[in-house]
J.: 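Here's a structure for you.
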Amino acid sequence: MNYDFRNIEKKWQEKWVKEKSFQAIDFHPTKPKYYVLYEFYNISGNLHMGHLKGTIPADALARFKRFQGYNVLFPIGGDAFGLPAENAAIKKGINPHDFVRNGMKTVLDQSKMLGLSFDYDRTICTSDPEYYHWTQWIFLQLLKHGKAYKKKGVVNFCPNCQTVLSNEDSQGGKCDRCGGDVVQKEREVWFLKMKEYSEKLLENVDRIQMAENLKEAQRNWIGKSEGMQVAFDLFDDKDEKVGQIEIFTTCIETIYGITFVVLAPEHELVDKLKDKIKNFDEVEKYRQKTALRSEFDRISDLKEKTGCKLEGLYVVNPVNNAKVPVFLADFVLASYGTGAVMAVPSHDQRDFDFAKAFGIPMIQVIDGDCSTCAVEKKEYLAKNSKMMNSAEFDGMPVREAKKKIAEKTIAMGVGKRQINYKMQDWSFNRQRYWGEPFPVIFCDHCGTVPLDEKDLPLILPETDDYLPNAKGDSPLSKVTDWVNCKCPKCGRPARRETDTMPNWAGSSWYWLRYCDPHNDKALADFEKLKYWGSVDCYTGGTEHITRHVLYAFFWQNFLYEIGAVPTRDPFIRKMGSGLILDDQGKKMSKSSANGVSPLEVIEKYGTDAARLHVHFLGGYEDNTPWTYDGISGITAFLDKVWSLQDMVKGDGVSKEHIFELNRLMKKVTEDLEDLKLNTCISAFMIFVKKIRDDKFITKEELRQFLILLNPLAPHITSEIFERVFGSQILDETWPKFDEKFLIEDSINLPVQVNGKLKQVISVARDISQEELLKIIYEKYPEICSEDDVKKVIHIPNKIVNLIVAK
RNA sequence: GCUGGUGUGGCGGAAUGGCAGACGCACGGGACUUAAAAUCCCGAGGAUGAAAGUCCGUGUGGGUUCGACUCCCACCACCAGCACCA
């Protein structure tokens, strides 16, 4: 009889939910804690293949750790505020409130169909007032501690979603949500001072256990760079000093080669020295042209240098008093460093291109061929080339000169060491309806007034008019009786902030809330936070690694500093789930032609088969192309597992199987810890083949086998266990392997001649070299003759290599 | 361009200094069957050979080593991230 997955899986799924089989216990008196986290569900529709790939290893780990005697916290929730949910709701013409309510029910029901052992009593949803109460509370703390500020500036704007976006949300000049081009717009924006945390975030990246490519992506995004900041005096055409320009450089060694200085078009000095600039009209025209160029435009004509000279101004190079012209150009970014650079065309390709376009002379200061392109840092540092045209540094190797020139500028009082970061402050508001309202009131008398903590949560008002509008004003601005309010300080009429927080707000602290999801006094009880501590293993996609995970580090660092949480690191280990690819090798999505739903696989083959199949296809962190090919091997395996119950003979562990059983325990225990499910599954297949060859399994062997397999295939194993043993598998504990049973008396030893395999012979374990050679020469004369052997390399119980003369 | 990762049969993939291709799919042969499906057993990297065997073989070329998919150097291809970051 084959395994009847339809009825059996349903039975167990209902039982687990009804009996709350997977509840985490706060402050468990005896069991140590283990916190497994799978990333929030995005509430925008059904679960997809990525969830099958992502959730199962986390579920297997949680089930495995429970058997090992841990008190496991394995929760789930919905990331329901923000653009993804709102856009999906608008597309379907459903009010986001209703959309999210239905969406949460859908993903939770579907989770149960995947057999996921979540503690459903801890389910949270970012758009619930009980939850966003504390998101707003965290914002108030950020504001109170000077980590949130509002500023007018040129920011990323998505004309399609009609909202401001953060840098993280507009990587590559494209909107993260809709994929459309992002433009630059001047707006009043809330920023969080994430840049201040750059160094701490880098430390977090160093500490977390995570794949190297993900760590590099984060380091790259933070973009730490060490260099010098140097002050240049600025003069007008009457040689009168009118100011100073601070530049940032990582190549101080080229300072004698400066032939011009470039400011970002937005640089503040331009407006300040308006009267001194002879060609201000032209300058203004250039600024207007570049200011509103989209990031996409800037990237697309990367190599084309544009700019505008500031007539009537010049700076003086402090090391040699050379007069140097000043330009504006948009290849210099206002947001990075000081927004001003010293240009050395001989040794920087961008400066080289600009000098060519504007007919600016060049001065070579480091050895090399600068005739067709710049000799850049990477090359001259690698060669440690010699200095030239650099006064007392001429002839010095460049690496030494770098140090000496830095010291010289410091001694002169014009230079200082400086570290810059690419990462910017986090622009934190969206002109959309579906998000957390800011707990902030604007009063003409008192300015920006934070709401009192006791007035939280500030409920998002319901309205029918929630669509974004072309002007980019928040839909909340039209809910006038909500907007107009009284100033909490002076009682005069005031108005509320009408922008809302980005979808990343709610996801930047949610793992903390799971520790105490129903607390209405604090974001979570401090002692409970202490008990559950850092997330032991955080699983989920890798696409948010430079957004969500950095935001998470930032907020937890902040909360730790103000004493709101007891731990600095949110996560100890982060595993990035690979993608399921379609037959084009692209990420499988609902829209792709052959997008297969996990529900379809479950319907056809059952949950356990779907769980095993998708993870037998490849490693957790690897991208794997989806195929039904091979699933017959999985269903055949499950049928064989099912038939084990008809092969039970005897009670204890048999001597025939003790080696294989212990080997299986060891392999499964290690592989589950590392989430290497594919090799783990193959170990089960090998064991089952052995049992079928021997045509029996003892009761005890079956008991242990079922426990080992339960984390991966929970339904079939629960059912067989109940049938054979009359009790519940969840009450069992993880079997422990014993190394002593893994040692076999006789081993198969490969014999090589000159490093080439000749024969595999069976010999006693720990055989001496003498005895071994005797056996080889006497029993296997065809391998080689004793006289030819010049040298023997014998690695006991592993290999023997005979070296013979040729 | 920079950074990181990956490269193994017809396919998905094992093996991280010691028997390359575990496990599974697809494939071939056989058993069972009136037949098919399912199931079970056997085979299988390539070349050559009747066979035993021999030679070749983990992107390419070099190196280290008794021994290299594994370590080192150079190059190629693909994937991902960043991209005028001074």
Side-chain angles (χ1 to χ4, degrees), chain A residues 2 171-173 211-221 223-225 227-228 247-252 254 262 264 295 298-299 301-305 329-333 335-344 347-351 353-354 376-378 420-424 542-543 545-546 578-579 581 585 612-613 616-619 621-634 636-637 639-640 643 676 678-686 689 692 748-760 782 790-795 797-804:
Chain A
N2 286 356
Q171 297 186 18
E212 194 51 38
N213 58 341
L214 302 182
K215 287 192 172 204
E216 270 309 302
Q218 292 187 325
R219 293 196 190 104
N220 199 358
W221 185 257
K224 179 177 182 171
S225 136
M228 297 288 295
I247 61 93
F248 175 72
T249 180
T250 55
C251 308
I252 192 71
T254 62
V262 190
E295 200 154 314
R298 285 199 185 193
I299 290 162
D301 49 39
L302 204 67
K303 294 293 170 214
E304 238 176 82
K305 293 284 178 288
D330 68 355
F331 79 87
V332 175
L333 308 174
S335 54
Y336 182 75
T338 58
V341 303
M342 61 180 223
V344 184
H347 303 290
D348 182 288
Q349 194 55 42
R350 291 157 306 180
D351 300 348
D353 295 339
F354 192 87
E376 292 197 282
K377 181 163 59 172
K378 201 182 164 192
N420 275 323
Y421 301 91
K422 270 202 306 191
M423 189 176 67
Q424 300 297 309
T542 58
E543 68 269 43
I545 206 79
T546 53
L579 301 172
L581 306 175
L612 291 180
H613 178 60
F616 195 56
L617 285 174
E621 301 203 282
D622 301 326
N623 296 336
T624 37
W626 168 259
T627 171
Y628 273 115
D629 288 351
I631 199 166
S632 59
I634 294 294
F637 166 72
D639 285 334
K640 286 172 192 169
S643 67
K676 285 158 86 175
N678 52 344
T679 49
C680 187
I681 293 164
S682 91
F684 283 112
M685 290 172 168
I686 292 166
K689 179 157 177 18
R692 289 172 66 83
N748 292 322
L749 191 80
V751 182
Q752 296 181 334
V753 173
N754 288 343
K756 287 201 171 167
L757 181 73
K758 288 294 165 189
Q759 191 116 24
V760 179
E782 71 277 13
K790 298 278 180 277
K791 194 178 168 188
V792 176
I793 288 136
H794 178 216
I795 313 294
N797 301 325
K798 239 181 184 167
I799 205 161
V800 63
N801 190 5
L802 307 173
I803 311 304
V804 303

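Both backbone and side-chain heavy atoms feed into the values below; hydrogens, waters and symmetry mates do not. All chains are named by letter (A, B, ...) in the order of the sequence lines, taking the proteins before the strands, and each is independently numbered beginning at 1. Everything quoted here is computed from the prediction, not taken from an experiment.
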J.: Can you figure out which of B:A86, B:C19, B:G4 approaches the side chain of A:N213 most closely?
T.: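 Selected nucleotide (nearest to the side chain): B:G4.
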J.: Starting from P on B:G1, measure out to CG on A:N220 and report it in whole angstrom.
T.: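 Interatomic distance, CG of A:N220 to P of B:G1: 16 Å.
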J.: Calculate the interatomic distance between A:Q752 atom CD and B:C66 atom P; express it in whole Å.
T.: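 Taking CD of A:Q752 and P of B:C66, I get 13 Å after rounding.
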J.: What's touching nucleotides 22-27 of chain B from the protein side, N or O pairs under 3.5 Å?
T.:
| from | atom 1 | to | atom 2 | distance (Å) |
| --- | --- | --- | --- | --- |
| B:C25 | O2' | A:G630 | N | 3.4 |

J.: Determine the contact category for A:N623: base if any of its heavy atoms lies under 4.0 Å from a base atom, sugar-phosphate if only primed atoms, P, OP1 or OP2 are that close, otherwise nothing.
T.: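 Since only primed, P, OP1 and OP2 atoms lie under 4.0 Å of A:N623, the category is sugar-phosphate.
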J.: Figure out the CG/C1' separation between A:D348 and B:A83, and round it to whole Å.
T.: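 Rounding to the nearest Å, CG of A:D348 and C1' of B:A83 are 15 Å apart.
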J.: Figure out the CG/C1' separation between A:N754 and B:G67, and round it to whole Å.
T.: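 The answer, rounded to whole Å, is 10 Å.
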J.: Let's see if you can work this out: which of B:G12, B:C84, B:A86 has an atom nearest to the side-chain heavy atoms of A:T250?
T.: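 Among the listed nucleotides, the one closest to the side chain of A:T250 is B:A86.
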J.: When the P atoms of B:G13 and B:A22 are compared, how many Å lie between them, rounded to an integer?
T.: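 The same atom, P, in both gives a distance of 15 Å.
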J.: Out of curiosity, A:I681 CD1 to A:L617 CG, how far, rounded to the nearest 0.5 Å?
T.: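 CG of A:L617 is found 9.0 Å from CD1 of A:I681.
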J.: Is A:K758 close enough to B:U54 that one of its side-chain N or O atoms is under 4.0 Å from OP1 or OP2 there?
T.: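 Checking A:K758 against B:U54: at least one side-chain N or O falls below 4.0 Å of OP1 or OP2.
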J.: If you check every side-chain atom of A:Y336, which of B:C66, B:A86, B:G4 has the closest atom?
T.: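 The answer is B:A86.
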J.: Treating A:Q424 as the side-chain partner and A:S335 as the backbone partner, does any N or O pair qualify as donor plus acceptor under 3.5 Å?
T.: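 Such a contact is found between A:Q424 side chain and A:S335 backbone.
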J.: Between A:L617 (CG) and B:A14 (P), how many Å, whole number?
T.: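 Checked: the CG to P distance equals 11 Å.
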J.: Could you check how far CD of A:E212 sits from C1' of B:U6, rounded to whole Å?
T.: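 Roughly 15 Å, once rounded to whole Å.
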J.: Looking at A:E212 and A:K215, is any side-chain nitrogen of the basic one under 4.0 Å from a carboxylate oxygen of the acidic one?
T.: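 Salt bridge between A:K215 and A:E212, a charged N being under 4.0 Å from a carboxylate O: no.
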J.: Decide yes or no on side chain to side chain contact (heavy atoms under 4.5 Å, CB included) for A:H613 and A:W626, but give the supporting numbers first.
T.: CA-CA 10 Å; A:H613 178 60; A:W626 168 259; 3.7 Å; yes
J.: Can you work out whether A:W221 or A:T624 has the more 5'-proximal nearest nucleotide on RNA chain B?
T.: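 The residue closer to the strand's 5' end, by nearest nucleotide, is A:T624.
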J.: Considering only the P atoms, how many Å lie between B:G9 and B:G4, rounded to the nearest integer?
T.: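 Those two atoms are separated by 26 Å.
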J.: Roughly how far apart, to the nearest Å, are B:U70 and B:C19 at atom P?
T.: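 Roughly 13 Å separates the two P atoms.
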J.: Kindly say if A:R692 contacts the phosphate of B:C40, meaning a side-chain N or O under 4.0 Å from OP1 or OP2.
T.: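 Affirmative; the distance criterion is met.
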J.: Nearest whole angstrom, please: distance from the C1' of B:G18 to the CG of A:L802.
T.: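 After rounding, the reported distance stands at 14 Å.
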J.: Mind calculating the distance between CE (A:M228) and P (B:A86) to the nearest angstrom?
T.: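 After rounding, the gap between these two atoms is 15 Å.
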J.: Looking only at side-chain N and O atoms, does A:T542 come under 4.0 Å of OP1 or OP2 in B:A80?
T.: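 So the side-chain polar atoms of A:T542 never come under 4.0 Å of the phosphate oxygens OP1 or OP2 of B:A80.
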J.: Within less than 4.0 Å of OP1 or OP2 of B:G67, is there a side-chain N or O belonging to A:K756?
T.: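 Answer is no, no contact under 4.0 Å.
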J.: Using only heavy-atom distances, decide whether a donor-acceptor pair under 3.5 angstrom links the side-chain of A:K378 to the base of B:C2.
T.: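 Flag unset: no donor-acceptor pair detected.
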